[in-house]
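In what follows, a single structure is set out as structure tokens and then discussed.
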Amino acid sequence: MNKSDIRITEPSIEMQQKIIRARNAIVNQKPRYIKCPYCKHNAIVVYEDTRGHVESKCKKCGRVTVFDVLNMRKFKPLQYTK
Ligand SMILES: [Zn+2]
């Protein structure tokens with residue numbers, strides 16, 4: 001897909017209210033950065049109430065990874081050596 005094909009429209013009022021509510025909900029939560037397992041770029045940010053699986057496409061290397069947020073919480077991030 002060509003980048004110029006992307007159309008940006010303002011979300012509906014209802015959606016904007018949801019976005020504001022979501023913003024307020026995470027204000028007091030500690031963000032946790034999950035790194036892309038391939039390039040170690042910060043791929044996604046999850047909050048304390050994030051549960052289950054999230055899929056993210058890394059902005060840097062473009063790989064799509066599914067993260068099991070709850071499961072990954074139990075482990076320290078793996079340290080890779082180059
Ligand atoms: Zn990556």
Side-chain angles (χ1 to χ4, degrees):
M1 197 172 81
N2 199 311
K3 268 191 176 173
S4 60
D5 290 340
I6 298 169
R7 276 198 209 113
I8 295 181
T9 54
E10 285 297 308
S12 65
I13 298 294
E14 194 189 7
M15 192 61 209
Q16 286 184 35
Q17 285 169 345
K18 283 181 185 170
I19 294 167
I20 292 165
R21 234 177 291 152
R23 271 275 153 214
N24 290 337
I26 54 95
V27 157
N28 295 314
Q29 293 191 44
K30 228 198 305 176
R32 205 158 52 93
Y33 298 88
I34 297 183
K35 288 190 193 312
C36 169
Y38 300 98
C39 73
K40 320 301 177 288
H41 185 74
N42 281 337
I44 52 165
V45 182
V46 295
Y47 293 90
E48 285 161 14
D49 64 357
T50 307
R51 300 280 183 275
H53 296 84
V54 285
E55 184 182 295
S56 166
K57 184 177 180 183
C58 178
K59 284 176 219 152
K60 207 173 179 186
C61 71
R63 288 188 193 251
V64 176
T65 312
V66 175
F67 298 95
D68 181 346
V69 175
L70 266 193
N71 218 4
M72 288 177 182
R73 184 163 298 206
K74 293 172 192 162
F75 303 100
K76 282 182 180 172
L78 289 170
Q79 294 297 319
Y80 293 87
T81 48
K82 280 183 183 172

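Numbers here simply count residues along the sequence, with the first being 1. Ligands are counted one by one from 1 in listed order, and the atoms in each one are counted from 1 as well. The figures here come from the full heavy-atom set of this structure, side chains too, leaving out hydrogens, waters and symmetry mates.
The angle that C58 SG and C36 SG make at the Zn ion (ligand 1), rounded to 10°, works out to 110°. Seen from the Zn ion (ligand 1), atom SG on C39 and atom SG on C61 lie at an angle near 120° (rounded to 10 degrees).
The two atoms that bring V69 and T50 nearest to each other are CG1-O, 3.7 Å, heavy atoms only. Heavy atoms only, all atoms of each residue included: H41 and K60 are closest at ND1-CD, 3.3 Å. In plain terms, the two heavy atoms of D49 and Q29 that are nearest each other are N-OE1, 3.0 Å. The minimum heavy-atom distance linking A43 with S56 is given by the pair O-OG, 3.7 Å.
Between the Zn ion (ligand 1) and H41 there is no N/O/S contact shorter than 2.8 Å.
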